[in-house]
Amino acid sequence: FNGETGDGARTQAMDEALYHQAVLRTRSPGDRITPFGSSGSRPLKEYLIDRKVDQPFRDETPLLCIGTEVLWVLGVGASEALRVKAHTEPVLLQIKKRLPWDIGR
């Protein structure tokens with residue numbers, strides 16, 4: 001790890017402890033995200049609409065989650081839960097391939 005935190009869309013740093021708890025999946029009922037820089041959570045559906053993810057891709061977009069808490073919407077954005085703090089032991093995740101739902105970041 002070189003201190004990079006990522007852009008939130010194609011690269012994202014996260015605490016190693018969270019990484020080991022997280023699962024990669026597609027969306028499920030009840031999913032919520034606290035967008036990076038926000039203090040409150042919101043339904044994932046609203047977040048995807050606001051981020052202009054086309055409807056056909058919303059059910060196919062990979063998510064890194066712990067339970068119903070969405071940590072990272074790959075190609076779209078990250079959760080405030082992934083903010084790197086001084087005590088964080090981070091890992092850097094990267095998407096190397098272009099994704100159909102990637103909104104051009």
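The structure presented is a predicted model; accordingly, all values stated were derived computationally and were not measured.
- Taking NZ from Lys96 and CZ from Arg10, the interatomic distance works out to 11.0 Å, rounded to the nearest 0.5 Å.
- In the hydrophobic cluster analysis, where Ile, Leu, Val, Met, Phe, Trp and Tyr join through side-chain heavy atoms closer than 4.5 angstrom, Leu24 is grouped together with Leu18.
- Applying the salt bridge (charged side-chain N to carboxylate O under 4.0 Å, His left out) test to Arg42 and every residue at least two apart in sequence or in another chain returns Glu46, Asp50.
- Cluster annotation: Ile66 and Leu93 are assigned to the same hydrophobic cluster (Ile/Leu/Val/Met/Phe/Trp/Tyr, side-chain heavy-atom contacts under 4.5 Å, transitive).
- Within the 4.5 Å cutoff, the side chain of Leu64 has no heavy atoms near those of the Gln12 side chain.
- Of the inter-residue distances, the one linking Ser41 atom OG with Glu80 atom CD reads 12.5 Å to the nearest 0.5 angstrom.
- Crowding of Glu89 atom CD: a count of heavy atoms from other residues, nucleotides or ligands under 6.0 Å not exceeding 12.
- Between Tyr47 and Val76, some side-chain heavy-atom pair lies under the 4.5 Å cut-off.
- Under the 4.5 Å side-chain contact rule for hydrophobic residues, Phe36 and Leu44 do not share a cluster.
- Considering only residues two or more places apart in sequence or on other chains, Glu16 meets the salt bridge (charged side-chain N to carboxylate O under 4.0 Å, His left out) condition with none of them.
- Counting only distance, with no hydrogens or angles, the side chain of Arg58 and the backbone of Val53 share a donor-acceptor pair below 3.5 Å.
- Put simply, CG on Asp31 and CG on Leu48 are 9.5 Å apart, with the number rounded to the nearest 0.5 Å.
- Considering only heavy atoms from C-beta on, Trp72 comes within 4.5 Å of Ile95 through its side chain.
- Remark: the backbone N or O of Ala17 is paired with a side-chain donor or acceptor of Asp15 at under 3.5 angstrom.
- Here the CG atom belonging to Leu71 is positioned 9.5 Å from the OG1 atom belonging to Thr34, to the nearest 0.5 angstrom.
- Looking only at side-chain heavy atoms (C-beta outward), Thr61 and Arg27 stay at 4.5 Å or farther from each other.
- Leu82 is connected to Val91 through a chain of hydrophobic side-chain contacts under 4.5 Å among Ile, Leu, Val, Met, Phe, Trp and Tyr, so both are in one cluster.
- Within 6.0 Å of OH in Tyr19 there are 12 or fewer heavy atoms belonging to other residues, nucleotides or ligands.
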